[in-house]
Amino acid sequence: AQSVAQPEDQVNVAEGNPLTVKCTYSVSGNPYLFWYVQYPNRGLQFLLKYITGDNLVKGSYGFEAEFNKSQTSFHLKKPSALVSDSALYFCAVVGMNRDDKIIFGKGTRLHILP
Amino acid sequence: DGGITQSPKYLFRKEGQNVTLSCEQNLNHDAMYWYRQDPGQGLRLIYYSQIVNDFQKGDIAEGYSVSREKKESFPLTVTSAQKNPTAFYLCASSIKGSGRAYEQYFGPGTRLTVT
């Protein structure tokens, strides 16, 4: 069965410092991987996805993520955090089997401290 | 929140009443989804539809019903059989349901409170 894990419920980072939000996954075969962001009382917004190709994926708002097949990870990163990056971040995975549906992680709340 | 609208934003109902949540999209997407979000549990799939007049149960379909009579609309009914209906409900769409590489676009959500 496919699954995705976000091991940290909350991450605190000082403004201007680099940030990392962790995600690991388990699927049969090669995965499709996504990151979404949710601001309070809003829907989710797509940030970036990995389908194939270059392991480093760049997305919206200066975010990027690195696909690591050997570690089955897809960590979200940003070189310099902004207070406005404070939000809830979700990792999601889809396997390559026909019946596989997208599975979301439980979310990581990111706090950027001024 | 793209071209997906959900209404109302807040909804209050008495226990035992059915309630219908609206979801409309103007993105010309084939696939539409309903999720339930509870604190600390991420998103759980209730129902999804890959094409008009067809839909499938997700992981937590019990106590919910849907219809897909038009490409643009995918309303969700929360019935009195749903034992714990108070939650934040999110509707989403994607270009194709069978194309798993396609990202989903989410509406702003409806917060349902049942007392």
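Order of the sequence lines sets the chain letters (A, B, ...), proteins ahead of strands, with each chain counted from 1.
Annotation: B:Glu15, atom CD; neighbour count of heavy atoms from other residues, nucleotides and ligands within 6.0 Å does not exceed 12. By the neighbour-count criterion of 12 heavy atoms within 6.0 Å, atom CG of A:Leu82 is densely surrounded, having more than that number from other residues, nucleotides or ligands. Other residues, nucleotides and ligands contribute at most 12 non-hydrogen atoms within 6.0 Å of the NZ atom of A:Lys106. Residue B:Gln56 qualifies as enclosed at atom CD: its count of foreign heavy atoms under 6.0 Å is above 12.
Under a hydrophobic clustering in which Ile, Leu, Val, Met, Phe, Trp and Tyr are joined whenever their side-chain heavy atoms come within less than 4.5 Å, directly or via other members, A:Leu48 and A:Val4 fall into the same cluster. A:Leu44 and B:Tyr47 are assigned to two separate hydrophobic clusters, defined by single-linkage of ILVMFWY side chains at heavy-atom distances under 4.5 Å. There is a path of hydrophobic side-chain contacts, each under 4.5 Å, that joins A:Val11 to A:Leu76. Under the 4.5 Å side-chain contact rule for hydrophobic residues, B:Leu76 and B:Leu90 do not share a cluster. Neither B:Tyr48 nor B:Trp34 shares a network with the other; the hydrophobic side chains, linked directly or stepwise wherever heavy atoms of I, L, V, M, F, W or Y lie under 4.5 Å apart, form separate groups for each.
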List the steps, then state whether side-chain contact (heavy atoms from CB on, under 4.5 Å) holds for A:Gln38 with B:Phe88. CA-CA 13 Å; A:Gln38 184 181 33; B:Phe88 189 51; 3.7 Å; yes
Tell me, with the steps shown, if B:Gln37 and A:Phe90 meet side-chain contact (heavy atoms from CB on, under 4.5 Å). CA-CA 12 Å; B:Gln37 184 177 17; A:Phe90 290 95; 3.4 Å; yes
Candidate pair B:Leu43 and A:Ile102, rule side-chain contact (heavy atoms from CB on, under 4.5 Å), full reasoning: CA-CA 10 Å; B:Leu43 275 66; A:Ile102 189 168; over 6 Å; no
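Among the candidates B:Gln104, B:Gln41, B:Arg44, the residue making the largest number of heavy-atom pairs closer than 4.5 Å to chain A is B:Gln104.
A distance of 6.0 Å or more separates the ring centres of B:Tyr102 and A:Tyr32. For A:Phe46 and B:Phe106, the distance between ring centers is not under 6.0 angstrom.
In this structure, the portion of A:Tyr36 lying under 4.5 Å from any heavy atom of chain B is its side chain and not its backbone. Within the 4.5 angstrom heavy-atom criterion, no atom of A:Leu33 approaches chain B. Looking at A:Asp9, there are no atoms closer than 4.5 Å to chain B (heavy atoms on both sides), in backbone or side chain.
Applying a 4.5 Å heavy-atom cutoff, none of the residues of residues 62-71 of chain A approach chain B.
B:Lys9 places a side-chain N or O within donor-acceptor distance of the main-chain N or O of A:Asn41, the cut-off being under 3.5 Å.
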